[in-house]
There are 2 protein chains.
Amino acid sequence: MAKVDPSLVAHLPLFAGFKGEELDEILREARSARYPKNGHVFEQGGDAHSFFLLLHGHIRAAKTTPTGEQIVVRYVAPGETFGLAMAIGLAQYPATATAVDDSVVLAWPTGTWPRLVQKFPALATNTLQTVGARLQETHTRVLEMSTQQVEQRVAHALLRLAKQSGKKLDHGVEIDFPISRQDIAQMTGTTLHTVSRILSGWEQLGLIEGGRQRIILREPHKIFVLAEQNAGGGQA
Amino acid sequence: MAKVDPSLVAHLPLFAGFKGEELDEILREARSARYPKNGHVFEQGGDAHSFFLLLHGHIRAAKTTPTGEQIVVRYVAPGETFGLAMAIGLAQYPATATAVDDSVVLAWPTGTWPRLVQKFPALATNTLQTVGARLQETHTRVLEMSTQQVEQRVAHALLRLAKQSGKKLDHGVEIDFPISRQDIAQMTGTTLHTVSRILSGWEQLGLIEGGRQRIILREPHKIFVLAEQNAGGGQA
DNA sequence: GGCTCGTTTTGCGCTATCGCAAACTGCCGG
DNA sequence: CCGGCAGTTTGCGATAGCGCAAAACGAGCC
């Protein structure tokens with residue numbers, strides 16, 4: 001219904017190199033949709049009927065094991081695409097997408113992708129860059145999980161969240177959407193309990209301030225130091 | 001020099017949907033190169049001068065931390081592309097590629113990519129699929145590292161290696177290139193020692209047979225069971 | 001204003017896995 | 001044929017982090 005102002009999205013990586021009228025044509029194919037907090041945009045295993053661009057809000061993409069355990073694949077911030085399953089050759093979504101805040105998305109039916117890509121090859125190369133960047137990030141995540149202790153991984157995770165979705169405060173940065181200790185545990189490969197212990201410790205030290213699904217980094221720099229330093233003693 | 005027979009590579013995912021003469025044109029841009037066992041194809045941080053297609057042999061892609069720890073990102077089997085750094089927008093290689101066996105590659109100078117993609121947009125979409133598949137695999141890896149014990153992760157790793165590069169034997173499957181316990185540790189996020197203990201245990205049970213940089217899966221099915229089963233007791 | 005439920009905190013024992021050290025082994029080079 | 005060395009095995013503490021249990025807390029609802 002309500003059309004999206006092209007100028008609002010023209011600068012996004014997905015549309016890099018597009019003229020106004022091309023952009024128009026692409027946007028015409030999308031419909032916009034609103035999801036309330038905790039609403040499901042799509043579910044793991046469901047048919048990949050659409051791909052999305054987040055306009056407002058925040059989306060959590062999570063993957064579930066057969067035994068019911070979950071990990072958070074990533075948090076989607078406004079301006080990012082998600083649900084690209086079909087673009088990478090999948091017929092079903094490999095993860096579940098849930099709005100963690102009231103969110104507004106642009107959705108293109110899967111069927112439009114081949115046509116759009118054919119007409120606008122730059123869409124494919126732009127998407128390739130995006131997916132490639134995510135691959136790099138995921139490799140970094142594997143590297144961290146392999147070589148760092150939980151405390152450092154949590155520190156890195158918070159810094160990334162702050163960078164991606166941080167709201168600057170007078171003193172510190174607040175993560176701009178509701179996120180629980182459990183969520184952080186699922187991002188870093190640990191347990192709710194361990195995250196809680198770590199954050200409590202940091203709060204004692206005045207590094208952060210926490211609340212119910214809220215985290216404020218009061219001393220980002222000190223957390224950065226924590227994240228980088230080798231646990232205990234390094235190799236001489 | 002020696003031209004590559006197009007029919008040998010025509011069926012690869014990278015070239016899906018290409019006619020013979022298009023293929024020819026693409027192949028003409030590549031040069032082939034040979035790397036001896038343990039030769040470096042490129043190094044992490046080095047300028048991304050080329051992208052590659054592996055024709056023969058096996059390549060190990062590994063990422064190193066500032067402190068010198070490594071993880072194996074993946075093993076490249078013949079027919080797969082690697083070193084796609086520039087296609088995904090990187091100017092430097094994010095990992096080091098080493099031949100684990102005498103290997104032959106096809107190499108395209110980075111500069112050819114934009115031109116090739118412009119002329120053959122399907123290259124971009126094919127590559128997108130490939131990179132997307134790798135992203136999925138990496139997410140699976142994160143999931144495993146987050147939710148499974150070391151023994152199961154090792155089992156999964158061996159099964160994947162066997163599937164990708166296994167040589168069928170009378171009784172069992174042999175991994176077709178030299179791979180050390182250390183390598184497996186770096187694939188699963190554990191230590192050389194733990195891998196050695198696990199494999200020794202399995203060898204006792206007759207599940208595998210090992211040697212210096214060699215692994216034979218004698219009972220793939222039993223290993224599969226090991227890989228899938230929840231450690232200890234699952235939830236009732 | 002009081003209640004309820006989801007989130008967070010915290011205590012405590014347990015153990016999978018690490019980390020170090022040392023012995024062993026099969027290949028490769030000379 | 002004889003070292004020497006990289007890769008492997010194994011033993012033995014040390015411990016980070018898990019898992020369970022329970023209490024404290026706080027936001028929203030009635």
Side-chain angles (χ1 to χ4, degrees), chain A residues 36-38 67-71 98 100-101 144-155 175 177-186 188-205 208-216 226 229-236, chain B residues 36-38 60 67-70 72 98 100 144-155 175 177-186 188-205 208-216 226 229-236:
Chain A
K37 182 169 174 169
N38 295 324
T67 63
E69 280 157 306
Q70 281 200 338
I71 62 160
T98 310
V100 296
D101 250 352
E144 284 181 6
M145 289 185 57
S146 298
T147 62
Q148 302 183 334
Q149 317 224 190
V150 172
E151 187 168 11
Q152 280 143 44
R153 303 207 300 266
V154 171
I175 292 169
F177 55 85
I179 185 166
S180 70
R181 320 285 143 158
Q182 173 80 70
D183 292 322
I184 291 174
Q186 291 175 345
T188 51
T190 181
T191 62
L192 158 67
H193 309 274
T194 299
V195 171
S196 179
R197 277 181 249 272
I198 290 172
L199 295 194
S200 293
W202 289 351
E203 190 150 14
Q204 298 283 320
L205 299 174
I208 67 167
E209 212 165 297
R212 203 189 183 63
Q213 305 200 109
R214 262 180 69 249
I215 301 176
I216 299 173
L226 264 181
Q229 86 194 174
N230 240 321
Q235 64 238 47
Chain B
K37 181 168 174 171
N38 295 325
R60 186 184 68 162
T67 64
E69 281 157 305
Q70 282 201 337
V72 171
T98 311
V100 295
E144 284 180 7
M145 289 184 56
S146 297
T147 62
Q148 302 183 335
Q149 318 225 165
V150 172
E151 186 168 11
Q152 281 143 44
R153 302 207 300 265
V154 171
I175 292 169
F177 56 85
I179 184 167
S180 70
R181 320 285 142 155
Q182 174 79 70
D183 292 322
I184 292 174
Q186 291 174 345
T188 51
T190 180
T191 63
L192 158 68
H193 309 275
T194 300
V195 170
S196 179
R197 278 181 250 271
I198 289 172
L199 294 193
S200 293
W202 289 351
E203 189 151 14
Q204 297 284 320
L205 299 174
I208 68 168
E209 211 165 298
R212 202 189 184 65
Q213 306 201 108
R214 264 181 68 250
I215 301 175
I216 300 173
L226 265 181
Q229 87 194 176
N230 239 322
Q235 64 234 46

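What you see is a predicted model; the values in this text were computed from it and never measured. Residue numbering restarts at 1 for every chain, and letters A, B, ... go by the order of the sequence lines.
In this entry the distance linking CD of A/Glu203 with C1' of D/dC25 reads 13 Å, nearest Å. One can place CG of B/Asn38 at 14 Å from C1' of D/dC5, the figure rounded to the nearest angstrom. In this structure, the CG atom of B/Leu192 is 9 Å from the P atom of D/dT9, given to the nearest Å. Atom CG of B/Asp183 and atom P of D/dT8 are 8 Å apart (whole Å). Rounded to whole angstrom, the span from the CH2 atom of B/Trp202 across to the P atom of D/dT10 amounts to 15 Å. Rounded to an integer number of Å, the gap from B/Gln182 CD to D/dT9 C1' is 14 Å. Atoms CZ (A/Arg214) and P (D/dG26) sit 12 Å apart, rounded to a whole Å. In this structure, the CD1 atom of A/Ile198 is 15 Å from the P atom of C/dT8, given to the nearest Å.
The backbone N or O of B/Ile184 lies less than 3.5 Å from a partner atom in the side chain of B/Thr188, making a donor-acceptor pair. Between the side chain of B/Glu203 and the backbone N or O of B/Gly210 there is at least one donor-acceptor pair closer than 3.5 Å.
A/Ser200 has a side-chain polar atom (N or O) that falls below the 4.0 Å cut-off from OP1 or OP2 of C/dT10. Put simply, A/Gln149 has a side-chain N or O that comes within less than 4.0 Å of OP1 or OP2 on D/dG17. Put simply, A/Thr190 has a side-chain N or O that comes within less than 4.0 Å of OP1 or OP2 on D/dC18. Considering only side-chain N and O atoms, B/Thr191 lies under 4.0 angstrom from the phosphate OP1 or OP2 of C/dC18. Distances shorter than 4.0 Å separate none of the side-chain N or O atoms of A/Arg181 from OP1 or OP2 on C/dT7.
The base of C/dG11 lies close enough to the side chain of A/Arg197 for a donor and an acceptor atom to sit less than 3.5 Å apart.
The side chain of A/His193 approaches C/dT10 more closely than any other nucleotide in the set D/dG7, C/dT10, D/dG17. Of the candidates C/dT17, D/dC18, C/dT8, D/dC18 carries the atom nearest the A/Thr194 side chain, counting heavy atoms from C-beta on. Side-chain proximity of A/Ser180 to the nucleotides C/dA21, C/dT17, C/dT7 is greatest for C/dT7. Of the candidate nucleotides C/dT10, D/dC18, D/dA6, D/dA6 has the atom nearest to the side chain of B/Arg212. Minimum atom distance to the side chain of B/Gln213 is reached by D/dG7, of the listed C/dT9, D/dC18, D/dG7.
Looking at heavy-atom distances under 4.0 Å, B/Gly211 makes contact with sugar-phosphate atoms alone, never a base.
Of the two residues near DNA chain D, A/Gly189 and B/Ser196, the one whose nearest nucleotide lies more 5' is B/Ser196.
Minimum heavy-atom separation, B/Arg181 to B/Arg214: NH2-O, 3.6 Å. A/Gly189 and A/Met145 make their closest contact through CA-CE, 4.2 Å (heavy atoms, listed as atom of the first residue, atom of the second, distance). Contact between B/Glu144 and B/Arg153 at its shortest, heavy atoms only, is O-CD, 3.5 Å. Closest of all the heavy-atom pairs between A/Leu226 and A/Gln152 is O-CG, 3.3 Å.
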